[in-house]
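Structure, as structure tokens:
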Amino acid sequence: MDITREQIDNLNAIVKVAITKDDYSDKVAKILNDYRRTANIPGFRKGHVPMGLVKKQYGKAVLVDEVNKLLQESLNKYLTEEKLDVLGNPLPKAQEDLDWDNEDFSFEFELGLAPEFDVELKTKKPITHYKLIADDKMIDEQIDSIAKQYGKLISQDEVSEDSEVTGTFSNEEEGIENKATLSLDKLKGKRNLNKFVGAKVGDTLELKTKNLFEDDHDLMNFLKVDHDKAHDLEIDVKFTIEEANKREAAELNQELFDKLFGEGVVTSVEELRAKIKEDAEKQFIQQADQKLLNDITEQLIEDTKFDLPAEFLKKWIQATGENELSNEEASEEYEKSEKGLRYQLIEGKIIKDNDVQITYEELKDYAKKYVGSQMAQFGQMNPEESVLEDIASRVLSNQDEAKRLSEQLMSEKLINVYKEKANLKLKEMSFENFVKEVYS
């Protein structure tokens, strides 16, 4: 077997593979002998079928199969030994004159090669790294929410501004009939609020869905309609009041502190405020880091210039797509995927240059933390190590889950690289202002 490479340019090459009879004849002969021993052909005893008949029936199919196997194995081995960084997969060049009756064969493959480039993490333009603070306003709101959540309900005959109202939304024409409980601060505008305040249990209110709630998504929850329908829903609905309750806030005492955080962890309102601030700011780190990762990704794609073997990749998209694509459709698909491909190459270069690796032990520890956080959401605050170990092992036995957690861990490691080496500008602000600045 002989494999040669013709370099077209820095991004494209042709690999030629020449296969002779000596490369495949022994394997083909062995398979045909096995067929001869096991073949059931009418008129012949098992194991006594003439080899000529076996070759006539199976010879060409076995030859094609073995040559293709040999071709793939040798090509993969060549790419590995030559350390060729290819994009997509090698594409076989069409051969109109391929004759399987010959003993020697020659094949050609097109290669798209990854470009060589450098990545400069110290971008000219500094990238904002947000540090998010839980300010007094947020802490006050959180404490108020906790006190209400753990308080007690006092039944009312008449609805007041601070009531929680339970009732049924209905509209026969739209098939809406859904029981819901809402606090009046969900309503939008004085006009809607005034319809509720002063109403009594048993009353039926006439409401319009347009501008009924501050957040249109509440229509999805309270009326049980899908997202797209809720966005433009403009109908009349009835709301029959079945209950009105006023929630009396719980006292901020040791009993409540122990219920929230465990016995003796928090012993005063000052410590409660500090704990809320600490927990909130831990959660903010993840959101700030995700914003940082997104911004650095965009900046690196913009700053890191290199060419791609575009024509090869368009051919590859055509060859590997589930549906047959025209040249124009393949070009459109390439345009959609080009940005993602560029970042994959940039990310791979950063990982290699900074020797970023993930060991199995690191992944298992990460999985245990993930499992622990999931269990904490259901009130299991301090699970035993053996329980975490067992569940984490089961999670990692699922390939999709293992891949997802591995990607998350790699993102965390990359963020740490960026924090250390990128050109960052620290900006401290409240979470409320962050949302306004970033997502407005």
Side-chain angles (χ1 to χ4, degrees), residues 3-17 68 71-72 74-80 82-96 98 107-121 123-125 127 290-354 356 399-400 403-404 406-408 410-411 414-415 417-418 422:
I3 301 182
T4 57
R5 181 170 84 250
E6 178 188 348
Q7 199 73 28
I8 306 301
D9 54 39
N10 289 336
L11 299 174
N12 296 275
I14 301 291
V15 169
K16 299 179 180 179
V17 183
N68 278 324
L71 189 59
Q72 291 302 319
S74 58
L75 186 58
N76 290 338
K77 183 179 178 184
Y78 175 80
L79 296 177
T80 301
E82 294 294 311
K83 298 179 179 178
L84 293 177
D85 192 1
V86 299
L87 300 178
N89 295 312
L91 287 179
K93 296 188 74 173
Q95 288 181 263
E96 295 180 1
L98 180 60
F107 303 90
E108 293 186 358
F109 293 85
E110 295 180 65
L111 301 184
L113 304 177
E116 293 185 4
F117 58 91
D118 293 317
V119 179
E120 180 55 67
L121 291 179
T123 55
K124 294 178 182 178
K125 179 182 176 182
I127 296 168
Q290 186 60 54
K291 172 63 176 168
L292 177 63
L293 182 62
N294 293 344
D295 289 347
I296 288 182
T297 297
E298 292 293 331
Q299 196 64 48
L300 289 175
I301 291 172
E302 183 179 331
D303 292 349
T304 309
K305 306 297 183 184
F306 53 81
D307 292 326
L308 290 169
E311 293 308 311
F312 168 84
L313 290 170
K314 291 173 188 177
K315 285 185 190 177
W316 179 72
I317 288 170
Q318 277 185 299
T320 58
E322 291 184 8
N323 302 313
E324 187 174 339
L325 300 176
S326 66
N327 291 337
E328 292 76 14
E329 288 170 332
S331 294
E332 288 177 9
E333 288 298 316
Y334 172 72
E335 294 297 330
K336 291 177 187 175
S337 61
E338 182 186 2
K339 188 174 181 180
L341 175 58
R342 286 184 177 278
Y343 184 65
Q344 284 181 16
L345 293 171
I346 292 169
E347 184 181 73
K349 177 71 171 170
I350 294 169
I351 290 170
K352 182 179 178 181
D353 289 350
N354 293 275
V356 182
Q399 289 188 350
D400 291 337
K403 182 174 182 287
R404 183 179 66 83
S406 181
E407 289 173 350
Q408 288 180 0
M410 179 57 74
S411 290
L414 285 172
I415 287 169
V417 171
Y418 298 151

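Other residues, nucleotides and ligands place more than 12 heavy atoms under 6.0 Å from the CD atom of Glu82.
Taking each heavy atom of Pro115 and Leu345 in turn, the nearest pair found is CD-CD1, 4.0 Å. Between Ile296 and Ala422 the shortest heavy-atom distance is CD1-CB, 4.2 Å. Of all heavy-atom pairs spanning Lys125 and Thr123, the tightest one is O-OG1, 2.8 Å.
Taking CG of Leu293 as the reference point, atom OG of Ser411 lies at 5.5 Å (rounded to 0.5 Å). For the atom pair Gln7 CD and Leu111 CG, the distance stands at 8.5 Å (nearest 0.5 Å). To the nearest 0.5 Å, atom OG of residue Ser337 and atom CD1 of residue Ile317 are 4.5 Å apart. Distance check, rounded to the nearest 0.5 Å: CD1 of Ile301 to CG of Leu341 gives 10.0 Å.
Electrostatic pairing of Glu332 and Lys336 does not count as a salt bridge here, judged by no charged N lying under 4.0 Å from a carboxylate O. Between Lys339 and Glu298, at least one side-chain nitrogen of the basic residue sits less than 4.0 Å from a carboxylate oxygen of the acidic one, meeting the salt-bridge criterion.
When each of Leu11, Ile8, Asp9 is paired with Pro309, the side chain to side chain contact (heavy atoms under 4.5 Å, CB included) condition holds for Leu11 and for no other. A side chain to side chain contact (heavy atoms under 4.5 Å, CB included) with Phe109 is found for one member of Val86, Asn89, Leu75, Leu91 and no other, namely Leu75.
Using a distance-only test at 3.5 Å, with no hydrogens or angles considered, a donor-acceptor pair links the side chain of Arg342 to the main chain of Phe306.
Using a 4.5 Å heavy-atom threshold, the side chains of Leu79 and Pro90 count as touching. Taking the side chain as every heavy atom from C-beta outward, Asp303 and Glu120 never approach each other to under 4.5 Å. Counting heavy atoms from C-beta on, the side chains of Asn10 and Glu116 never come closer than 4.5 Å. Side-chain contact between Tyr334 and Leu308: present, with at least one pair of heavy atoms (C-beta onward) separated by less than 4.5 Å. Here the side chains of Asn294 and Gln290 are in contact, with some heavy-atom distance below 4.5 Å. Using a 4.5 Å cut-off on side-chain heavy atoms (C-beta onward), Lys93 and Ile14 make contact. Taking the side chain as every heavy atom from C-beta outward, Lys349 and Thr304 never approach each other to under 4.5 Å. For the pair Arg404 and Gln408, the minimum side-chain heavy-atom distance is below 4.5 Å.
Within the structure, the salt bridge (charged side-chain N to carboxylate O under 4.0 Å, His left out) test picks out the following pairs touching residues 305-317 (sequence neighbours left out): Glu110-Lys315, Glu311-Lys314.
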